[in-house]
Amino acid sequence: MTPYVLDARAWQESWDRQQEAFMPDREHRLDALLDAVEAVVDSPTPQLLDLAGGTGSISLRALDRFPEARPTLLDLDPVLLTIAEASLADRATIVTADLRDPEWADNLPQTGYDAVCTATALHWLPADRLTTLYAEIRAVLRPGGIFVNVDHMPDDGLPGLTERLTGQARDRRDARYRAGAVLSWDDWWKQVETDPTLAPPAEKRRQIYPGGHNQDWLPPVSWHLDALRTAGFSEVGTVWRGGADAAVAALR
């Protein structure tokens, strides 16, 4: 075991804790995502695509359920991919691609995936691009395959309560930041820049996102369900909800 691997594990844990500050129920949502996948796949070696997979949070948990699987993780962020590559080692195929590019799927090692999964990632994309992406995702699934997207998706029927729940979560999160219990998003990235291994990919990241990675478009869950139906999925629905967040699933 090398110090680099130890560093990767520490950064993986650091990323998880930082993300859990935004989403205290993060493990619940990832469990719900993988429950939906497990209900559909019928092989000990399912073909999984971890879309915008970041540090590998979904892939690592998928491998706990399906030890013989070999996920494909796709992302663009050089820092998060560096952590993912070290964390997953030879247990996954790592792909660098930009989901803003309609040709992103050309970088995949295969098509016909049993499942495509993503969490807290696609809200970076504008409406027109996400609408098209849903159809592109359907194209890389096998017939009967499943797509699961967990993200900020408010319930249309509860606008007032959603606003209160969001404010409550923000206040609790800010209190943890002030107490030093966990790093904020900005502070986490400041820590990255001090690490000798991650500083070079952090510089590449600044070149990829010169204006910052700050697109934040949060339509209600009904928008996602309608867009998935339009993309041609046969079954579409919500499989999990927590506050203003939800997991939508779609079967090809």
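All figures in this text were calculated on a predicted structure; none of them were measured in a lab.
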(request) Assess whether atom CZ of Arg164 is packed by more than 12 heavy atoms of other residues, nucleotides or ligands within 6.0 Å. (result) no
(message) Starting from Leu133, can I reach Val236 by hopping between I/L/V/M/F/W/Y residues whose side chains sit under 4.5 Å apart?
(response) yes
(message) Strictly below 4.0 Å, N to O, side chains only: are Arg129 and Glu136 in salt-bridge contact?
(response) yes
(message) Any non-hydrogen side-chain atom of Glu85 less than 4.5 Å from a side-chain atom of Leu73?
(response) no
(message) Quiz question: by atom type and distance under 3.5 Å, do the side chains of Arg9 and Ser87 form a donor-acceptor pair?
(response) no
(message) Nearest 0.5 angstrom please: Asp90 CG to Arg70 CZ, how far?
(response) 6.5 Å
(message) Given 3.5 Å as the limit, does a donor-acceptor pair link the side chain of Arg252 with the main chain of Pro143, or not?
(response) no
(request) Please report the C-alpha distance between Leu161 and Asp155 in whole Å, then the side-chain angles of each, then the deciding distance to 0.1 Å, and finally whether the side-chain contact (heavy atoms from CB on, under 4.5 Å) criterion is met. (result) CA-CA 9 Å; Leu161 179 58; Asp155 188 311; over 6 Å; no
(request) Please answer whether the main-chain N or O of Ala10 pairs with a side-chain N or O of Ser14 as donor and acceptor at a distance below 3.5 Å. (result) no
(message) Can you list, by chain and residue number, the hydrophobic cluster partners of Val40 when the side-chain cut-off is 4.5 Å?
(response) Leu30, Leu33, Leu34, Val37, Val41, Leu48, Ile58, Phe66, Ile146, Val148, Val150, Trp240, Leu251
(message) Measuring from atom CD of Glu193 to atom CZ of Arg205, what distance do you get when rounded to the nearest 0.5 angstrom?
(response) 9.0 Å
(message) So, taking the atom named CG in Asp25 and the one named CG in Asp245, what distance separates them when rounded to the nearest 0.5 Å?
(response) 6.5 Å
(request) Would you mind reporting whether Ser57 and Gln12 have side-chain heavy atoms less than 4.5 Å apart? (result) yes
(message) Using salt bridge (charged side-chain N to carboxylate O under 4.0 Å, His left out), reason through Asp16 and Arg26 one step at a time and then give a plain yes or no.
(response) CA-CA 9 Å; Asp16 284 346; Arg26 184 168 181 254; 2.9 Å; yes
(request) Check the side chains of Thr72 and Tyr113 for a donor-acceptor pair under 3.5 angstrom, ignoring hydrogens and angles. (result) yes
(request) For the residue pair Thr120 and Asp151, confirm or rule out a side-chain donor-acceptor distance under 3.5 Å. (result) no
(request) Please lay out, stage by stage, how Gln191 and Leu198 fare under the test side-chain contact (heavy atoms from CB on, under 4.5 Å). (result) CA-CA 9 Å; Gln191 287 293 105; Leu198 295 178; over 6 Å; no
(request) Find the distance between OG1 (Thr55) and CG (Leu80) and round it off to the nearest 0.5 Å. (result) 6.5 Å
(message) Return the CG to CG distance between Leu99 and Leu76, rounded to the nearest 0.5 Å.
(response) 8.0 Å
(message) Under a 3.5 Å distance rule, please check whether Arg138 uses its side chain to pair with a backbone N or O of Gly232 as donor and acceptor.
(response) yes
(message) Quick one about Asp50 and Ser59 (side-chain donor to acceptor, distance below 3.5 Å, no hydrogens or angles considered), yes or no?
(response) yes
(request) Answer whether the closest heavy-atom distance between the side chains of Leu51 and Ile137 falls below 4.5 Å. (result) yes
(message) side-chain contact (heavy atoms from CB on, under 4.5 Å), that's the test. Do Arg173 and Ser184 meet it? Break it down for me.
(response) CA-CA 9 Å; Arg173 182 171 63 246; Ser184 69; over 6 Å; no
(message) Tell me if the CD atom of Glu163 is crowded by more than 12 foreign heavy atoms within 6.0 Å.
(response) no
(message) Between the side chains of Arg176 and Glu20, is the shortest nitrogen-to-carboxylate-oxygen separation below 4.0 Å, so that they form an ion pair?
(response) no
(message) Is the shortest side-chain heavy-atom distance between Met153 and Leu218 below 4.5 Å?
(response) no
(message) Can a donor-acceptor pair be found, under 3.5 Å and without considering hydrogens, that links the side chain of Thr132 to the backbone of Asp128?
(response) yes
(message) Nearest 0.5 Å, please: how far is CD1 in Ile208 from CG in Asp98?
(response) 8.0 Å
(message) Let me check something: do Leu228 and Trp223 share a hydrophobic cluster, defined by ILVMFWY side-chain heavy atoms less than 4.5 Å apart, either directly or through other members?
(response) yes
(request) Using the rule that two of Ile, Leu, Val, Met, Phe, Trp, Tyr join whenever any of their side-chain heavy atoms come within less than 4.5 Å, decide whether Val116 and Trp104 are in one cluster. (result) yes
(message) Using only atom types and a distance under 3.5 Å, with no angle test, would you say the side chain of Asp101 pairs donor to acceptor with the backbone of Glu103?
(response) yes
(request) Count the heavy atoms belonging to other residues, nucleotides or ligands that lie under 6.0 Å from CD of Glu235, then report whether that count exceeds 12. (result) no
(message) Please determine whether a side-chain nitrogen of the Lys or Arg among Asp186 and Lys190 lies less than 4.0 Å from a carboxylate oxygen of the Asp or Glu.
(response) no
(request) Apply ring pair (Phe, Tyr, Trp, His ring centres under 6.0 Å) to Phe233 and list each qualifying residue two or more places apart in sequence or on a separate chain. (result) none
(message) Working note: Arg29 + Met23, criterion side-chain contact (heavy atoms from CB on, under 4.5 Å); need CA distance, chi angles, decisive distance, verdict.
(response) CA-CA 9 Å; Arg29 68 186 63 202; Met23 301 164 284; 3.4 Å; yes
(message) Regarding Asp31 and Arg61, does a basic nitrogen lie under 4.0 Å from an acidic carboxylate oxygen?
(response) no
(request) Give a yes or no on whether Leu122 and Val248 share a hydrophobic cluster (residues Ile, Leu, Val, Met, Phe, Trp, Tyr; joining criterion: side-chain heavy atoms under 4.5 Å apart). (result) yes
(request) Verify the cluster assignment for Val95 and Leu63: are they in a single hydrophobic cluster under the rule of side-chain heavy atoms below 4.5 Å apart? (result) no
(message) Check Arg65 with Asp35, please: is the shortest side-chain N to carboxylate O separation under 4.0 Å?
(response) yes
(request) Decide yes or no for Leu130 and His123: does some side-chain heavy atom of the first lie under 4.5 Å from some side-chain heavy atom of the second? (result) no
(request) Please examine the side chains of Thr96 and Asn107, heavy atoms only from C-beta on, and report whether any two atoms are closer than 4.5 Å. (result) no
(request) Consider only side-chain N and O atoms of Asn149 and Tyr134, and report whether a donor and an acceptor are under 3.5 Å apart. (result) yes
(request) Any pair with a residue in residues 186-206 that passes ring pair (Phe, Tyr, Trp, His ring centres under 6.0 Å), sequence neighbours left out, goes on the list, sorted by first then second residue, please. (result) Trp11-Trp188, Trp15-Trp188, Trp185-Trp189
